[in-house]
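Below is one structure, written out as structure tokens; the observations come after it.
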Amino acid sequence: MSEVAVALPLESSAESRRKIAFVGSECYPFVKTGGLGDVMYALPRALLREGCEVRVILPLYQCIPQKFTKNLTWKGSFMMDLTLEGRTFFVGIMETEIDGVIYDLIDNKEFFDWGNPYTGLWEDIPKYCYFSKASLAALNYLEWTPDIIHCHDWQASLVPLYQKTRFWGTPVASAKTVLTIHNLRFQGICSIDHLKYWSGLPDYLFNYPELKINDQECNMFKGGLALTDWITTVSETYAEEIQTPAFGEGLDSHLRYHAPKLSGIVNGIDTEIWNPDTDQLLAAPYSAETFLERKILNKRALQESMKLEQNDGHMILGLVSRLTDQKGLDLIDAIFPSLMDGNTQVVVLGTGDPRYESAFQYYESKYPGFVSANITYNEGIAHRIYAGADAFLVPSLFEPCGLTQLIAMRYGTVPIVRETGGLKDTVAPWNAEANEGNGFTFTQYLPGRLLDAVNRAKTLFFTDRWHWDEMVRRTMLKDVSWVKSARQYLDLYDSLCEDEAES
Ligand code: ADP
């Protein structure tokens, strides 16, 4: 956890500060399975710097390490009704503050005592019905009425529905809601009976414009997108892509209908956590000024710890990823033997689909000293790969924003990406004539196209190191922080609140 206090702008008085409540299912450092956890941590901090007051509401899962739970403060508890029958459930609120951001963790052992943090959709649907409703109830209980309730992904997508129905006339109903799509692939689809029972939402919401998708099933994300005041997603390109059948995951027409209230704002990264100059997890911290002498020390340390052949001249390709189809791993699998030229090494870190886990383990045994497959989730190894690798693979089939390419750039590790979603918006392709760009890109989702992009990177790395190093310096200096995007969110919040004031 960072020790650095976040300075507040001097001019922001308590009354004028925008009050923002974040509601989501994961948040670093408590619990993180992917980019959502990073955003739930970093964006509130960036908004705080812009003068907002921010509270983050998340479940108190049992899987949250004790070092974070032992110092929580009990803020109160109450019973809340849920389900069609009106069964009552305990809601406890445990609070902590980190650098000015307040975290309220919702305590209920019946829902949050298993899973990592997710279980399976059947159990997760009741879990997140409860969480969405309890979040609103907790805000009322705490007598903290936000201007904006910013909900994240399907797990928090019932918040706008509860807010506009069961909470109508209560303080929290005055807030505007924003629902951010981090990944449209996961939507919370289940039988109408299951959601009707657990949510206890009014029958009229189980129609086609809101929750219903066919005679038997409904979709929590779809309902949230219909009722929220604004929809954002995490890059401009993904905001366009999800309105097409190829990327819309069955919701493209719904999103086209709601396009007037849809916009894309690209993610940043927390540049304090991801700072190669101060990163204590690295063998040798370095900056854009010192990378030429010092990045190599991290490469050597990585080769040594990963039992790779020690050779400064080899090119290391890094991959830190959930091992799923989304990440374009079938392309990497298809070209793997072609990558192995005796001068190229591959370091993989990830868990997921057993098919990919065993493929990378197989390549490790087939190419000893050249491939390292780390089938685990480990923050420290991730930092060391970002620093020690030369280039970084992100050939995703789709990528709403993608954080790994941003982190790689911050560490001067040149990304090789497919031009989709946020990858397209954040990585400018290398242009030899203009000596511009900060990565290598390809468009068509074909193994040969990825191989071509890797070969272009290899050519520059092995034959024109001066231009390569120039690119490394450029990527390290690129602004990948939250500053610009946090301001865009703030402008959006302001415009929603102004609309309210005018109406
Ligand atoms: P997604 O959210 O789709 O998984 P992102 O690129 O948005 O992908 O975010 C992935 C985040 O998770 C990054 O911070 C990355 O470093 C981290 N990450 C992914 N896999 C691992 C792993 N096995 N060990 C440590 N960190 C990981």
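Please read these numbers as outputs of a predicted model, since none were measured by experiment. Counting starts at 1 for both ligands and their atoms, following the listed order. Worth knowing before you read on, the calculation uses all heavy atoms, side chains too, and leaves out hydrogens, waters and symmetry mates.
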Taking only non-hydrogen atoms of G350 and a 4.0 Å limit, the atoms of ligand 1 in range are 23 (N)
Check for a donor-acceptor pair, side chain of R55 on one end and backbone N or O of A21 on the other, with a separation under 3.5 Å. no
Compare R322, E399, E379 and give the one whose heavy atom is closest to atom 3 (O) of ligand 1. R322
CD (E97) with more than 12 external heavy atoms under 6.0 Å: yes
Element-labelled atoms of ligand 1 that are located less than 4.0 Å from some non-hydrogen atom of G402: 6 (O), 7 (O)
Report, in ascending order of atom number, the atoms of ligand 1 lying under 4.0 Å from any heavy atom of I407. 14 (O)
Pair D99 + R45, salt bridge at N-O below 4.0 Å: yes
Heavy-atom nearest neighbour of atom 1 (P) of ligand 1 within options K327, Q326, H182: K327
Could you tell me whether some N/O pair between T351 and ligand 1 is separated by less than 3.5 angstrom? no
Below 30° counts as parallel, above 60° as perpendicular, anything between as tilted: where do the rings of Y128 and Y118 land? tilted
As an exercise, identify every atom of ligand 1 less than 4.0 angstrom from a heavy atom of D38. 11 (C), 13 (C), 14 (O)
Any donor-acceptor pair under 3.5 Å linking the side chain of Y363 with the backbone of D333? yes
Exactly one of T420, V417, L423, I416 should register a side-chain contact (heavy atoms from CB on, under 4.5 Å) with T441. Which one does? V417
Close approach, K32 and ligand 1, non-hydrogen under 4.0 angstrom: yes
Backbone or side-chain N or O of G35 under 3.5 Å from ligand 1 N or O: yes
Salt bridge flag under 4.0 Å for residues D479 and K484: no
Under a heavy-atom criterion of less than 4.0 Å, does T376 contact ligand 1? yes
Could you see which bit of P400 sits under 4.0 Å from ligand 1, with heavy atoms only: side chain, backbone, both or neither? neither
Closest heavy-atom pair, K478 versus T426, reported as atoms and distance to 0.1 Å, is CE-O, 3.0 Å
Any idea which atoms of ligand 1 are less than 4.0 Å away from a heavy-atom of Y386? 15 (C), 16 (O)
